[in-house]
Amino acid sequence: MEIEKTKAIIEAILFAAGRIVKTSEFILVLEKNEEEINTIIKSMQEDYRANNRGIEIIQVEDGYQLATKKDLYEYIYPILDKRTKPNLSTAALETLSIIAYNPRITRAEIEAIRGVSADACVYKLLEYGLVEEAGKTDLPGKPMAYKTTDEFLKMFGYSSLKDLPELPKYKLDSNQQIVIGELVENEEERKDENNEK
């Protein structure tokens with residue numbers, strides 16, 4: 001099958017599916033191996049960028065989805081969705097970041113990190129589809145664990161959790177509180193090192 005025909009089939013599948021299509025599904029339909037499919041899709045991503053199109057192919061974990069470009073969101077949102085734009089509070093964003101960096105974390109562990117109840121935030125994140133239940137843990141009482149979803153990756157523009165920014169190194173004082181001065185100094189040292197390179 002010629003490459004342009006394969007690209008057309010992939011584009012049609014992504015358009016019609018309207019969801020993340022796993023690489024394994026493409027392998028089944030196109031009878032090509034994973035490497036060939038990934039190479040073709042990478043080529044398509046470059047084509048979309050080069051032609052300054054309004055759509056792009058994004059990778060989410062081991063699949064791909066056809067999506068509108070993020071910088072065009074302000075034009076699309078008023079046409080397609082009349083609901084109010086969901087806003088995440090600072091507390092919900094904190095909770096979401098804790099779950100993203102600690103997959104399979106329990107509500108009690110989230111509360112231990114934040115120092116306050118996380119019930120409302122977890123329910124809101126579940127409602128928005130940004131987190132999901134990850135099964136019961138082996139801890140006493142078998143509490144439910146939580147993890148982020150593919151919707152989280154899409155919303156924040158990540159292919160996988162490995163793409164999350166690295167957390168800064170920190171130091172605790174005698175009261176087990178993070179020493180902010182250490183964080184600031186380390187960040188400034190890192191910037192200086194990068195400027196020297």
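Residue numbers count from 1 along this sequence.
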Taking atom [atom1] of [X] and atom [atom2] of [Y], what is their separation to the nearest 0.5 Å?
X	Y	atom1	atom2	value
E36	L30	CD	CG	9.5 Å
L130	T95	CG	OG1	11.5 Å
I98	I113	CD1	CD1	5.0 Å
L125	T148	CG	OG1	10.5 Å
R53	M44	CZ	CE	8.5 Å
L66	I10	CG	CD1	11.5 Å

Begin with the C-alpha distance, continue with both residues' side-chain angles, and end with the deciding distance and a verdict on side chain to side chain contact (heavy atoms under 4.5 Å, CB included) for K154 and I58. CA-CA 8 Å; K154 287 192 313 191; I58 58 171; 3.9 Å; yes
For side-chain hydrogen bond (donor to acceptor under 3.5 Å, both in side chains), just list the numbers for E11 and Y48, CA-CA rounded to whole Å, side-chain angles, deciding distance to a tenth of an Å, and then say yes or no. CA-CA 11 Å; E11 187 175 52; Y48 286 132; 2.4 Å; yes
Could you check whether atom CD of E34 has more than 12 heavy atoms from other residues, nucleotides or ligands sitting under 6.0 Å from it? no
When you look at CG of D71, are more than 12 heavy atoms from neighbouring residues, nucleotides or ligands closer to it than 6.0 Å? yes
List the steps, then state whether side chain to side chain contact (heavy atoms under 4.5 Å, CB included) holds for T149 with Y128. CA-CA 10 Å; T149 63; Y128 286 154; over 6 Å; no
[X] versus [Y]: any side-chain heavy-atom pair under 4.5 Å?
X	Y	value
E111	D119	yes
D150	Q65	no
L14	F26	yes
Y158	V60	no
T106	M144	no
P103	L161	yes
R114	C121	yes
I37	N33	no

Do K70 and M155 pass the side chain to side chain contact (heavy atoms under 4.5 Å, CB included) test, and can you show the C-alpha distance, the side-chain angles, and the key distance before you say yes or no? CA-CA 9 Å; K70 293 177 203 73; M155 181 178 280; over 6 Å; no
Could you check K7 against D47 for salt bridge (Lys or Arg N to Asp or Glu O under 4.0 Å), going step by step and ending with a plain yes or no? CA-CA 11 Å; K7 285 182 177 183; D47 292 345; 2.9 Å; yes
Determine, for [X] against [Y], whether the closest basic-nitrogen to carboxylate-oxygen distance falls under 4.0 angstrom.
X	Y	answer
K22	E25	no
E56	R49	no
K5	E2	no

Could you tell me whether the side chain of [X] and the main chain of [Y] form a donor-acceptor pair under 3.5 Å?
X	Y	answer
T23	D62	yes
T137	K142	no
T39	E35	yes
T68	I55	no
Q45	I57	yes
S160	E61	no

Within 45° cone and under 6.0 Å: R19 NZ/CZ vs Y64 ring: no
Please say yes or no: joined through hydrophobic side-chain contacts below 4.5 Å, possibly via intermediate residues, are [X] and [Y] part of one cluster?
X	Y	result
F15	V21	yes
I99	L164	yes
Y123	V116	no

For I110 versus A118, what's the shortest heavy-atom pair and its separation? CG2-CB, 3.7 Å
Flag for Y146-E109: side-chain donor and acceptor within less than 3.5 Å: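 Absent: no donor and acceptor within the cut-off.
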